[in-house]
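Worksheet: one structure, shown below.
Order of the sequence lines sets the chain letters (A, B, ...), proteins ahead of strands, with each chain counted from 1.
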Amino acid sequence: MLHVADIQEHKEAYIKALKKRNFEAVELFDKVLELDEKRRTTQAQLDNTLAESNKLSKEIGNLYKSGEAKKASILKERTGNLKEDSKNLQETLNIAVVELDTLLYTIPNIPQESVPAGTSADDNEEVFRLGEVPVLAEGALPHWELAKKYDIIDFELGNKITGAGFPVYKGKGARLQRALITYFLDKNIEAGYTEYQVPLMVNEMSGFGTGQLPDKEGQMYHVTNDDLYLIPTSEVPVTNMFRDVLLEEKDLPIACTAYTPCFRREAGSYGAHVRGLNRLHQFEKVEIVRIEQPENSNTALEGMVDHIKEILNELKLPYRILRLCGGDLGFTASLTYDFEVFSTAQDRWLEISSVSNFKTFQANRLKLRIKDKQGNKRLAHTLNGSSLALPRVLAGILENYQAEDHIKIPEVLIPYCGLERIDLA
RNA sequence: GGAGAAAUGGCAGAGUGGUCGAAUGCGGCAGUCUUGAAAACUGUUGAGGGUCACACCUCCGGGGGUUCGAAUCCCUCUUUCUCCGCCA
């Protein structure tokens, strides 16, 4: 969420930037500043009332000690009113704070200068493309048919034991996916990321810290008995490790990587685009998360993009990178690059990674700050990205590496996989 | 799941109704000494709000209560530890 002081300072620039998201902020900002003013004046009144009441209490204590009980009981009567006042002021304050916060939760992050204006995915800006889109031989199959042909992913079996969107990976399919996970983690560790294994369920505070709650509640599976949420991405538990943390400059940058399954309800998704591995309720993902000094965060973002490029180059998959336009930018992001791998058989691009700089938007909710040598504190910048989302990478490999009677394993994965190809059973 | 104990600053650990935002030790920071370092000594060192800056307010696991006044008493929730049971 945005910081009120920043809204005050950069109001006009923020209003202009939010227009790129087609978000009208003028009235909201006015209301925010008004509520903040109210918050501060009420707080001041409350503080004064409490100060007076503290003073009286001290006097009463002294009077009792010197044996002047009568004088004390006279003073006691005055505390009653103060108590009433402070109770009312506290209530007014609480209401103002809740109203202010509720409003702030509805305001998305400020898009950066480089974010193009736009209303939909069509307005995203392609910033990189590797080579030409390949053309497959006649009779090339989409990955869901390959999965069946080589008996490596069973969608029906998942249907039976859970429901749609929960596939079962089998034999060499399972092995290939496991190889990819290990390969991704190794690449990340090599690049300086520390590996974590984190809980797959999080509490409400964590969902709130990274911005899934309150507004994206319907996208997460909620375990109501224990009031826990299944993670939609490891970003949530990993970033929340740093909730309520005051870092020192020497601790930075922080770079974490984690492999987890991810769970998404995907309410409202339907149609041909959810076929096969394209969109699942449970999928595997390796994530990278960074915490940076504000002045380094955009450089760090470029570094993450380069890192993911390297992985895709090694896998020799056709891909492109998009800079998301204002209309397609996620609520919490200030700048996002999407990586898409080309699904040759489907003739469409599949998103396999999304790399974002959140600047202080998450840190403000998380209360994640940095203290410098002089003791000054400021909010950290958080970033994250997928490296990578497994099912669609898998789909890309199956489709792009298919031959008539086998699927080749990408060279870089052979040592991880212990296989050179997937043959007909 | 049952029984008991506990939760205090970066850490350890005092504090059982007012003089406590909190002793003491360790750690951190600054300085003295030293060619430099270590040791020793001196000072300093929690967080949030508020203010131009002070003042002032809030915070001793979370929430509620008693009281003129709560780290301290009461209720409740959470977490941790010990013992028993169960268990990958």
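The pairing partner recorded for B:A5 is B:U80, the criterion being a Watson-Crick or G-U wobble arrangement whose two distances lie under 3.5 angstrom. Using Watson-Crick or G-U wobble geometry with both donor-acceptor distances under 3.5 Å, B:G50 finds no partner in any strand shown. A 3.5 Å limit on both hydrogen-bonding distances identifies no Watson-Crick or G-U partner for B:U34. Under the Watson-Crick and G-U wobble criteria, each requiring two contacts below 3.5 Å, nucleotide B:C29 is paired to B:G43. Across all strands shown, B:G17 forms no Watson-Crick or G-U wobble pair with both distances under 3.5 Å. The partner of B:U24 is B:A12, judged by Watson-Crick or G-U wobble contacts that both fall below 3.5 Å.
Contact annotation: A:Arg39 side-chain N/O to B:G49 OP1/OP2 distance is not under 4.0 Å. Residue A:Lys83 has no polar side-chain atom (N or O) positioned under 4.0 Å from OP1 or OP2 of B:U67. Between A:Lys377 and B:A47 there is a side-chain N or O to OP1 or OP2 distance below 4.0 Å. Taking side-chain N and O atoms only, A:Lys76 has no distance below 4.0 Å to OP1 or OP2 of B:U67. Between A:Asn54 and B:G18 there is no side-chain polar atom (N or O) within less than 4.0 angstrom of OP1 or OP2.
Summarising the geometry, the separation between CG on A:Asn81 and C1' on B:C68 is reported as 13 Å, rounded to the nearest angstrom. Note: CG (A:Asn48) to C1' (B:U58) measures 14 Å, nearest angstrom. Distance CG (A:Leu246) to C1' (B:G28): 13 Å, rounded to an integer number of Å. In this structure, A:Glu37 atom CD and B:G50 atom C1' are separated by 13 Å, rounded to whole Å. With rounding to whole Å, A:Glu249 atom CD is found 14 Å from B:C29 atom P. As rounded to whole Å, 13 Å separates atom C1' of B:C59 from atom CG of A:Asp244. Look at NZ on A:Lys55: it is 15 Å from C1' on B:C57, rounded to the nearest Å. At whole-Å resolution of the value, CD in A:Gln90 and P in B:G63 are 11 Å apart.
Projected onto RNA chain B by closest heavy-atom contact, A:Glu248 and A:Leu46 fall at different nucleotides, the more 5' of which corresponds to A:Glu248.
A:Arg365 forms a cation-pi arrangement with A:Phe208, by the criterion of a distance under 6.0 Å to the ring centre and an angle within 45° of the ring axis.
Nearest to the side-chain atoms of A:Leu50 among the listed nucleotides B:G50, B:C68, B:C57 stands B:C57.
Rounded to whole Å, the C1' atom of B:G10 lies 33 Å from the corresponding atom of B:G65. For the C1' atom pair drawn from B:U76 and B:U82, the interatomic distance equals 24 Å after rounding to whole Å. Annotation: B:U78 and B:G61 have their C1' atoms spaced 8 Å apart (nearest Å). Of the C1' atoms belonging to B:C41 and B:U79, the separation is 43 Å, rounded to the nearest Å. Distance check on atom P: B:G18 versus B:C33 gives 46 Å, rounded to whole Å. Rounded to a whole angstrom, the distance from the C1' atom of B:C56 to that of B:G50 is 8 Å. As rounded to the nearest Å, B:U8 and B:U16 have C1' atoms that lie 13 Å from one another. B:C86 sits 15 Å from B:G2 when the P atoms are compared, rounded to a whole Å.
With salt bridges taken as basic N to acidic carboxylate O contacts below 4.0 Å, one links A:Glu314 and A:Lys187.
Around atom NZ of A:Lys408, no more than 12 heavy atoms belonging to other residues, nucleotides or ligands sit under 6.0 Å away.
At the heavy-atom level, A:Ala51 lies under 4.0 Å from the strands shown only through sugar-phosphate atoms. Looking at heavy-atom distances under 4.0 Å, A:Arg78 makes no contact with the nucleic acid at all. Using a 4.0 Å heavy-atom cutoff across all strands shown, A:Lys71 reaches no nucleic acid atom at all. Contact annotation for A:Thr79: backbone-only contact, meaning every heavy-atom pair under 4.0 Å involves sugar-phosphate atoms and none involves a base. Residue A:Asn62 is out of contact with every strand shown, counting any heavy-atom pair closer than 4.0 Å. Counting any heavy atom pair closer than 4.0 Å across all strands shown, A:Lys367 reaches no nucleic acid atom. Residue contacts shown for A:Leu56 are absent, as no nucleic acid heavy atom lies under 4.0 Å away.
Going from atom CD of A:Glu399 over to atom CG of A:Leu141 covers 9.0 Å, rounded to the nearest 0.5 Å. Interatomic distance, A:Glu156 CD to A:Lys148 NZ, rounded to the nearest 0.5 Å: 4.5 Å. Expressed to the nearest 0.5 Å, how far OG1 of A:Thr382 lies from CG of A:Leu366 amounts to 6.5 Å. Between the CG atom of A:Leu180 and the CG atom of A:Leu185 there is a distance of 11.0 Å, given to the nearest 0.5 Å.
A donor-acceptor pair under 3.5 Å links the side-chain atoms of A:Asn203 to the main chain of A:Ser206, judged by distance alone.
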